[in-house]
Amino acid sequence: MKVLLTGNEAIARGAYEAGVGVAAGYPGTPSTEILESIVQYPKIYSQWSPNEKVAFEVGVGASIAGSRTLVTMKHVGVNVAADPLLTFSYTGVNGGFVLVSADDPGMHSSQNEQDNRRYGRLAKIPVLEPADSREAKEFVKKAFEISEAFDTPVMLRITTRIAHSQGMVELAEPVPVVKKEYTKNAQKYVMIPAYGRIRHTVVEERTEKLVQYAGETELNVTEIKDRKFGIITSGICYQYVKEAFPQASILKLGMTYPLSQKLVKDFASQVDRVFVVEELEPFLEEAVVTMGLKVDGKRLFSLIGELSAKMVREKINRELGLASFPDEERTREGLPSIPARPPVLCPGCPHRAVFYVLKKLKMVVTGDIGCYTLGALPPLEAMDTTICMGASIGTALGMEKSNPELAKRIVAVIGDSTFFHSGITGLVDMLYNKGKGTVLILDNSTTAMTGHQQHPATGKTLKNEPTAAVNIAGLVKGLGVKRVVEVDPFDLAHLEAIIKEETAAEEVSVIIAKRPCALLEKAASGYMVIDEAKCINCKQCMALGCPAIALRDGRVTINPEICNGCNLCTQVCKVGAIRRAGEDVE
Amino acid sequence: MLNKINLLLVGVGGQGTILASKILAEVALLSGLDVKMSEIHGMAQRGGSVVTHVKMGDEIYSPLVEEGEADIILSFEQLEALRWLSFLKPDGEIITGTQVIEPVPVIMGKAVYPSGIVETIQGRVQKLISLDALAVATECGNAKASNVVLMGVLARRLGFAKEIWLKALENKVPTKFLEINKKAFTQGYELV
Ligand SMILES: Cc1ncc(C[n+]2csc(CCOP(=O)(O)OP(=O)(O)O)c2C)c(N)n1
Ligand code: SF4
C-alpha cells in the first residue's frame, strides 16, 4: 500500500518494520514527530527522556540487552549526547542501534546550524542520508542491518526539508521485534583504558571494512548521463540537483561516511569535471579532495543556510558558461512595505507576566531556550543572554563571579522542561560555589516550544500513561536551597515583591512561577474590555506585548476574539479602565 | 492538466494551512500522481506565517516551490498573499480569502497594514479570485472551515473529480467536523 508520510513518520514506520524494540529521545524541531509517531506502534517501547544524553544512554542499555534501538534528537541534542556517542562507537552494539540526528540548515527553529555529519566522522560511525520519505523508511531498515553486521552505532542524518516534507511511501510488513541474547562481555562493554585500547583497534578495522562496503552498497548510486560534468551530492540536495539538471551525471551518496575512494574516482573518471553540492559544511568535498581529486563545491555554494534547485542551476550554469534560464521574476517594486509576522507569546501566556516584571525592575536576565525566549523580543526585551538549553544558571553564576556589582540584579530564567534537561547541575554549582543568584523556574506544566510534550514533572509519559511526577520545589529544597518560593505569575504585585525580595537575599534563591501554558488550560473565562470613559490612552497595557491588545485609530482596544481573560492588563492599568466583560462597573 | 502543478498555500498559524495542504496532497495521491508537500511550522502556534509547498505531477524531485514557480497561490489571509506574490509564475493565479489578521508590529503601532491589498494584487496578476471565505464558513456553521471553503474554490480550478476531493476530506478531516467541512467545501466549489 502506498501512503503519504513525512520523513519523520517514515522513520517511525521504518523502525516498526525493522523490528525495533526500544525508542527514546528528547523533543527538538525538526525531530520531535518521530517519537510522537512511533507511539502508534504498541510493540515498540518508547519514551521521552529528560535530555538527549540520557536518551542515548537508555538506547545503549537497550541495545546491549539485545533490542534494536532507535534514539532521536535535533542536531544540538547530539552535542549533549556526544559523550556516550563517542565511546559507544568503541563498544559497538548487540541489538542494532540507530541515532537520528535532525539538522536544521537555515535555522528555521534552532540556535545554530551545525552540520552533524562531522559527528559521524568524529565518532567513526557510518552516516546515512535519505533524500525523501521513501528513502527515510528504507534507510532506517538498512541502518539496522549495517549496525548489526559491522557492530557499530549508525547515524541517520536528516534535515528539516526531509523531516517535514511528505512523500509517497510503500508500506511493508514488519519483521517480528528483534531480540538478541544478552551475554556479559566486559572486554567489549566496560571501557577501562585496557579494554578501550583493544576496542579502538577494532574500530579502525571496522572503518576499513565500512570503506569496502561503501564501494559496494546500493545506498550509493551512480547515474551516468551527460558526461560534460558530474555532481556528487546527498540528502535533499540530490532533489535540487535532479530538479535543476535532470540530464546530469550524479553520484548520489546514501552513505556519506565513510566514502569509498574507488567509487568516487570511478565516477570522476567518467565525467569531464566534478561538482559537489551539499548544504552547510564541505563534508563530502573535503573527503573527495583528500583523495586527490579536483572538484568545485564551496567555492560556488554558501556555507550558510539552505540551498535550492534554483541556486544549483544558476551557480553551475554560470560556472560552465552556459546561459541560465532566468525566470521572469515578479518585481517587488511599487509594492507597499509588508510588515513582518514574528511569533509572539500567546494571549494569556504565563511567561509574559514574568518578563514584564523583570523589565520593570531592570534586571539582568540570563535566559534559556523555550517559548519564553520570546521574552527577548520587543516590547518586553527582558533577556540578556541565550546560548543553549540549561545555560541560564551557569551563566548567571559566572556573571556574578566576574562582576559582583551586577550580583543583586542577575536573574536566571529557565523553563520547567529545560530545568530537567540541564538546569539542575547549574543550580548545584550555584549552591556549591556560594553563589547568591536568583533562579526563576517557569513551570507551565509542559514542553510548550516543541509542541507540548510531557516531561518529568507532568505526571504523564510519552504514551500518555500516568506516572510519578517529580516535585520541582521538593527537588530544589532537597539540593539544599533554603529560599524556595512558589508564585502565581498572574498575581503581578506579589510576583514583583517576591523577585525584589529574593534578588536582595544574600544566598541562592529559587522562585517557581507556576501556571499552565495558555494552550493547555484557559486561565479564566470570558475576555477583558476597556472602559473608554476611563482610559487615558497611556498605552501602559501595551507594554505587555499581548497580541490581543491593539492600537486602532490611535486608541487602545482589546480584541475579544483572541483575549484569553488572563487579567494581566487589568493589573497594569493605572486608572482602572480595564475590566472583565460582563462584570459590573463599580 | 499540466504534467506538473506547483502550489503554495500561505496563511497564519491557526488558520488550517497545514490541514489544507494535507487534503490537497491526498487528492493527488488518490489520483495516482506523484506528490510532495513541504511545510515550515516551527512557530506556527505562536501566530507566525505558515507556508506549505505542494507539488504534484508525474515525478517530483524537489519538494520546494521557489520564486516565480507557483502555478497557484492559495492564501488564507490578505497580507500573506501579498507577501508571497513573488513566488507566482507570470501567468499564475491567486486565490485569496479577504480575512485580515494583523501582525504584531501592526498591533503595536510600529507598522501599518497596507490598504487596498486586493487591488494591488489585481493590478499585478492575470488571474485573481478573492472572497470572504470567513463569512461563507460562518454561514455554514463554523468559521474554522474557511480554509475548506477556499479549497472548494481551488478544486474548481484544478480539475480533479469532486468525488476525489470529498474522499480526501473523509481521509483527512476528523469525523466530528466532516459534515460541516463537506458543506463548506461544496459552498466554495459552487461559488465561482
Ligand atoms: C539540546 C537541545 N535539545 C532540544 C532543543 C529544542 N527545544 C528548544 S526549547 C525546548 C523545551 C522548552 O520547554 P520549557 O523549558 O518547558 O519551556 P516552554 O517552551 O514550555 O516555555 C526544546 C526541547 C534545543 N534547543 N536544544
Ligand atoms: S504555547 Fe504556552 S508557553 Fe508557549 S507562548 Fe503560548 S501560552 Fe506561552
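The chains referred to below are lettered A, B, ... by the order of the sequence lines, with proteins before strands, and numbering in each begins at 1.
- Annotation: Glu139(B), atom CD; neighbour count of heavy atoms from other residues, nucleotides and ligands within 6.0 Å does not exceed 12.
- Residue Val54(B) does not touch chain A at all, counting heavy-atom pairs closer than 4.5 Å.
- Between Glu66(B) and Arg313(A) there is no salt bridge, since no side-chain nitrogen of the basic residue lies less than 4.0 Å from a carboxylate oxygen of the acidic one.
- Residue Glu190(B) qualifies as enclosed at atom CD: its count of foreign heavy atoms under 6.0 Å is above 12.
- For the set Ile117(B), Thr120(B), Leu79(B), the entry with the most heavy-atom pairs within less than 4.5 Å of chain A is Leu79(B).
- Most heavy-atom pairs under 4.5 Å with chain A, from the set Gly109(B), Ser21(B), Pro63(B): that is Pro63(B).
- For the set Pro114(B), Ala111(B), Gly123(B), the count of heavy-atom pairs under 4.5 angstrom toward chain A peaks at Pro114(B).
- With a 4.5 Å cut-off on non-hydrogen atoms, Thr557(A) does not touch chain B at all.
- With chain B as the partner, the residue from Pro246(A), Pro378(A), Ser133(A), Ala309(A) showing the most heavy-atom pairs under 4.5 Å is Ala309(A).
- Listed options Ile101(B), Ile60(B), Val106(B) were ranked by heavy-atom pairs under 4.5 angstrom with chain A; first place goes to Ile101(B).
- Ranked by heavy-atom pairs under 4.5 Å with chain A, the first of His53(B), Lys110(B), Lys22(B), Glu80(B) is Glu80(B).
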For residues 175-185 of chain B, which side-chain N or O atoms pair as donor and acceptor with protein atoms under 3.5 Å away, sequence neighbours left out?
unit_1	atom_1	unit_2	atom_2	d
Asn181(B)	ND2	Phe177(B)	O	2.7
Lys182(B)	NZ	Glu170(B)	OE2	3.0

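- Chain B forms the most heavy-atom pairs under 4.5 Å with one residue out of Lys539(A), Arg161(A), Met542(A), and that residue is Arg161(A).
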Let me have the donor-acceptor pairs involving side chains of residues 5-16 of chain B, under 3.5 Å, with sequence neighbours excluded, atom names and distances please.
unit_1	atom_1	unit_2	atom_2	d
Asn6(B)	ND2	Glu69(B)	O	3.0
Gln15(B)	OE1	Val12(B)	N	2.9
Gln15(B)	NE2	Phe76(B)	O	2.9
Gln15(B)	NE2	Gln99(B)	OE1	3.1

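- Lys2(A) NZ: 12 or fewer foreign heavy atoms inside a 6.0 Å radius.
- Only the side chain of Asp132(A) comes within less than 4.5 Å of a heavy atom of chain B; its backbone N, CA, C and O stay farther away.
- Distance check, rounded to the nearest 0.5 Å: CG of Leu4(A) to CG of Asn171(B) gives 10.5 Å.
- Only the side chain of Leu64(B) comes within contact range of chain A, with heavy atoms under 4.5 Å apart.
- In terms of heavy-atom pairs under 4.5 angstrom with chain B, the leader among Arg552(A), Glu243(A), Met168(A) is Glu243(A).
- Pro336(A) approaches Leu82(B) most closely through the heavy-atom pair CG-CD2, 3.8 Å.
- Atom-to-atom distance recorded for Met108(B):CE and Ile549(A):CD1 is 8.0 Å, nearest 0.5 angstrom.
- Side chains of Arg341(A) and Ser49(B) form a contact here, defined as non-hydrogen atoms less than 4.5 Å apart.
- Ranked by heavy-atom pairs under 4.5 Å with chain B, the first of Gly167(A), Ala340(A), Cys237(A), Pro30(A) is Ala340(A).
- Atoms OH and CD1, from Tyr61(B) and Ile236(A) in turn, are 13.5 Å apart once rounded to the nearest 0.5 Å.
- For a residue to count as touching a neighbouring chain, one of its non-hydrogen atoms must lie under 4.5 Å from one of that chain's; by this rule Ile562(A) does not touch chain B.
- Counting all heavy atoms, side chain and backbone alike, Ala25(B) lies closest to Gln166(A) at CB-OE1, 4.1 Å.
- Both the backbone and the side chain of Glu102(B) have a heavy atom closer than 4.5 Å to some heavy atom of chain A.
- Counting non-hydrogen atoms of other residues, nucleotides and ligands closer than 6.0 Å to NZ of Lys162(B) gives a total above 12.
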